[in-house]
Amino acid sequence: MDSGEQVFVFEEVAKRKERDDCWLLISGKVYDVTQFLEDHPGGDEVLLAASGKDATQDFEDVGHSDDARNMMKKYYIGEVDSTTVPPSNKIKPQTYSVTQKDDEPGFLFKILQILVPILILGLAFGFQFLGKKEKN
């Protein structure tokens, strides 16, 4: 970092999330995108939704072009003090456990998966046996 570069605490960046004062935190850099809201190809709501938090993942998920990344330099105003940024909340997938009783349809379905092929094989052998018996 340059010694003259401005460093912001995360709380300062996070409170700038209005149409008339909108900052984004992307990859540790702070951007004042207030003047860009109307020109953003995805609409101003996208930028407003990404403000107030670390928007790095939101930005990367979209897959911005090199031109878009170069355009960001125009709105760059400083860095964020990384020690003030709260850890990102990873969404943990919920785990569900499903239990079935023996009298539920799932159990019956499993039994039928075994019995139906056995029944078909039995019928096939039976018809084959009857066919040989009639020829004799």
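Keep in mind it's a predicted model, so treat the numbers as computed, not measured.
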Asker: Do D67 and S65 have side-chain atoms, one donor and one acceptor, less than 3.5 Å apart?
Answerer: no
Asker: Is the backbone N or O of C22 less than 3.5 Å from a side-chain atom of S51, with the two atoms forming a donor-acceptor pair by type?
Answerer: no
Asker: Tell me, please, which residues at least two apart from A49 pass side chain to side chain contact (heavy atoms under 4.5 Å, CB included).
Answerer: none
Asker: Are M71 and F59 connected into the same hydrophobic cluster when the rule is that any two of I, L, V, M, F, W, Y join if their side-chain heavy atoms are below 4.5 Å apart?
Answerer: yes
Asker: Begin from the C-alpha positions of V80 and V85 and carry the test side chain to side chain contact (heavy atoms under 4.5 Å, CB included) through to its verdict.
Answerer: CA-CA 8 Å; V80 71; V85 179; 3.9 Å; yes
Asker: Which residues satisfy the salt bridge (charged side-chain N to carboxylate O under 4.0 Å, His left out) test with D58, sequence neighbours excluded?
Answerer: K53
Asker: Which residue pairs pass the salt bridge (Lys or Arg N to Asp or Glu O under 4.0 Å) test with at least one member in residues 22-42, sequence neighbours excluded?
Answerer: K29-E79
Asker: Give me each pair satisfying ring-ring contact (aromatic ring centres under 6.0 Å, His included) with a member in residues 114-134, each pair once, sequence neighbours excluded.
Answerer: none
Asker: Once salt bridge (charged side-chain N to carboxylate O under 4.0 Å, His left out) is applied, do any residues pair with E60, and if so which ones, sequence neighbours excluded?
Answerer: R69
Asker: Would you find a donor on one side and an acceptor on the other, under 3.5 Å apart, between the side chain of T84 and the backbone of F10?
Answerer: yes
Asker: The criterion is side chain to side chain contact (heavy atoms under 4.5 Å, CB included); which residues satisfy it with Q113, sequence neighbours excluded?
Answerer: F109, K110
Asker: For the atom pair CG (D54) and CG (L25), what is the distance rounded to the nearest 0.5 Å?
Answerer: 4.5 Å
Asker: Within a strict 4.5 Å, meaning less than it, do heavy atoms of the M72 and I26 side chains meet?
Answerer: yes
Asker: What pairs with E45 under salt bridge (charged side-chain N to carboxylate O under 4.0 Å, His left out), at least two apart in sequence or on another chain?
Answerer: R19
Asker: How would you list, by chain and number, every residue that makes a side chain to side chain contact (heavy atoms under 4.5 Å, CB included) with K15, sequence neighbours excluded?
Answerer: E12
Asker: List for me each residue that meets ring pair (Phe, Tyr, Trp, His ring centres under 6.0 Å) alongside F36, sequence neighbours excluded, and say none if there are none.
Answerer: H40, Y75
Asker: Answer yes or no: is there a side-chain heavy-atom contact under 4.5 Å between L24 and L47?
Answerer: yes
Asker: Checking one residue: I114. Which other hydrophobic residues are in its cluster under the side-chain 4.5 Å linking rule?
Answerer: I118
Asker: Applying side chain to side chain donor-acceptor pair (under 3.5 Å), can you list everything that pairs with T83, at least two apart in sequence or on another chain?
Answerer: D81
Asker: I need the minimum non-hydrogen distance between K17 and L48, along with the two atoms involved.
Answerer: O-CD2, 3.9 Å
Asker: Set out, in order, the CA-CA distance, both residues' side-chain angles and the distance that settles side chain to side chain contact (heavy atoms under 4.5 Å, CB included) for W23 and I77, then state yes or no.
Answerer: CA-CA 9 Å; W23 290 7; I77 58 172; 3.6 Å; yes
Asker: Not counting sequence neighbours, which residues clear side chain to side chain contact (heavy atoms under 4.5 Å, CB included) with V62? List them please.
Answerer: H64
